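As the structure is a computational prediction, the values presented were derived from the model and not from experiment. In what follows, residues are counted from 1 in the order of the sequence shown.
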Amino acid sequence: RGMNAVREVAALRHVTLSEHGEASLEELSFSIAEGEIVGLLPLDGQGVETLFSLLQHNRVLDRGWMYVDEKEVCSYLGVRQATNEVSIIEARSHLVPALDVADNLFSLKPNSPYVIPKKLLQSQIHSLFAPYGITLTGGEHPASLSPLERCAVELVKAKTSGSTLVILRELSTLLPPNDLAFLKEMIRKMAWEGLSFLYYGNHHRELFSICDKTLVMRSGTIPLSLS
């Protein structure tokens, strides 16, 4: 694994955050380095939804600080930017149903040309997916994709759109074992290329098989980190 880089893509320091008058996150501290796959193993449900929302959309904290790309993005003093370049892959698709794969990848990017020649488009699609063993033309619509293909497209979209962190949510409930093993290899390759992951799952074996470390979450905090 390419773990020489120590740049932190996300870090929470003593974060406490309430929801509806009750503490959801309490003294939560952890960090994720560039190219690192970090597991998140919940012992209960407290704070999970709040954490995922916070990583994507900054809020004023009750206490503590959060950093993305080593820049403070929010704290108990206020919010410095509204959103972060954090993607999530989960049961719900984040592709635009009316657009094909190519348009999902290219037409939604800032400064992309309105029309890309078909041959160039096919070449670009091939170069994006071939290294991971995926064969797509770019003309497929999201509804026609298998769950594995949909996850692969969303991973590539996260990488090409500049996401610094990808949250992976309960992949074992989306994919059969063989497809999950295939996707894990794709995730490993992307981590080697510098993309970082927070892999949320309910089974320690699933996390231990791929993660560099696993954070055990209970009562809105992380009492244990397993390497």
Side-chain angles (χ1 to χ4, degrees), residues 8-12 15 17 19 24-25 28 30-42 45-59 66-69 73-74 79 81-97 99 101 104-105 108-110 128 132 134 142-143 145-175 179-180 182-191 193-203 206-207 210-215 217 220 222:
E8 290 183 341
V9 300
L12 284 77
V15 167
L17 184 59
E19 295 276 15
S24 182
L25 303 176
L28 182 67
F30 70 90
S31 63
I32 302 174
E34 183 178 24
E36 190 174 30
I37 306 171
V38 175
L40 185 65
L41 181 66
Q46 182 178 329
V48 172
E49 298 295 339
T50 303
L51 174 60
F52 291 166
S53 174
L54 178 62
L55 285 168
Q56 293 182 293
H57 307 282
N58 298 312
R59 294 169 54 184
M66 186 168 81
Y67 303 84
V68 173
D69 276 336
V73 293
C74 64
V79 172
Q81 64 186 46
T83 60
N84 305 312
E85 296 292 343
V86 175
S87 300
I88 185 165
I89 295 175
E90 57 187 345
R92 179 171 68 90
S93 173
H94 292 274
L95 301 176
V96 179
L99 301 180
V101 166
N104 266 283
L105 291 175
L108 300 179
K109 292 172 68 177
L128 287 173
Y132 310 112
I134 302 282
L145 298 175
S146 69
L148 173 61
E149 288 171 335
R150 194 264 294 177
C151 289
V153 170
E154 291 195 15
L155 274 175
V156 168
K157 183 179 178 182
K159 180 184 174 185
T160 58
S161 66
S163 292
T164 54
L165 176 66
V166 179
I167 299 168
L168 305 168
R169 184 165 190 170
E170 297 181 286
L171 296 181
S172 62
T173 65
L174 304 178
L175 302 171
D179 285 356
L180 180 60
F182 186 97
L183 195 71
K184 281 183 174 182
E185 281 305 308
M186 186 174 179
I187 292 164
R188 287 189 185 97
K189 289 177 183 176
M190 287 190 164
E193 293 160 356
L195 194 57
S196 303
F197 296 90
L198 181 62
Y199 193 131
Y200 171 82
N202 290 303
H203 303 288
E206 179 185 357
L207 301 180
I210 187 173
C211 297
D212 299 297
K213 66 184 178 188
T214 295
L215 310 173
M217 189 171 183
I222 293 174

Under 3.5 Å, is there a donor-acceptor pair linking the side chains of [X] and [Y]?
X	Y	value
Glu170	Asn202	yes
Glu206	Ser172	yes
Glu185	Tyr132	no

Please round to the nearest 0.5 Å and tell me the distance separating atom [atom1] of [X] and atom [atom2] of [Y].
X	Y	atom1	atom2	value
Asp69	Thr164	CG	OG1	4.5 Å
Leu207	Thr214	CG	OG1	5.0 Å
Asp179	Ser146	CG	OG	6.5 Å

Run the salt bridge (Lys or Arg N to Asp or Glu O under 4.0 Å) test against [X] and tell me which residues pass, sequence neighbours left out.
X	value
Glu19	Arg59
Glu8	Arg13
Lys189	none
Glu154	Arg150

If every non-hydrogen atom of [X] is compared with every non-hydrogen atom of [Y], which pair is closest and at what distance?
X	Y	value
Leu41	His203	CD1-N, 4.1 Å
Ile32	Phe197	CG2-O, 4.3 Å
Leu174	Cys151	CD1-SG, 4.3 Å
Met186	Val156	CE-CG2, 3.8 Å

Would you say [X] and [Y] make side-chain contact, with heavy atoms under 4.5 Å?
X	Y	answer
Tyr199	Ile89	no
Leu25	Leu54	yes
Leu168	Leu183	no
Val9	Val68	no
Leu51	Leu17	no
Pro142	Asn104	yes
Gln56	Thr83	no
Leu171	Ile187	yes

Do the side chain of [X] and the main chain of [Y] share a donor and acceptor less than 3.5 angstrom apart?
X	Y	answer
Ser163	Val166	no
Glu36	Val38	no
Asn84	Leu55	yes
Asp212	Ile37	yes
Ser196	Leu165	no
Ser53	Thr50	no

Applying side chain to side chain contact (heavy atoms under 4.5 Å, CB included) to Glu90 and not counting sequence neighbours gives Ile88, Arg92, His94, Arg169
Thr160/Leu128 under side-chain contact (heavy atoms from CB on, under 4.5 Å): CA gap, chis, key distance, verdict: CA-CA 9 Å; Thr160 58; Leu128 287 173; 3.6 Å; yes
Lys157 vs Leu95, test: side-chain contact (heavy atoms from CB on, under 4.5 Å). Steps then yes/no. CA-CA 9 Å; Lys157 183 179 178 182; Leu95 301 176; 4.2 Å; yes
Residues which pass ring-ring contact (aromatic ring centres under 6.0 Å, His included) with Phe52, listed by chain and number, not counting sequence neighbours: Tyr200
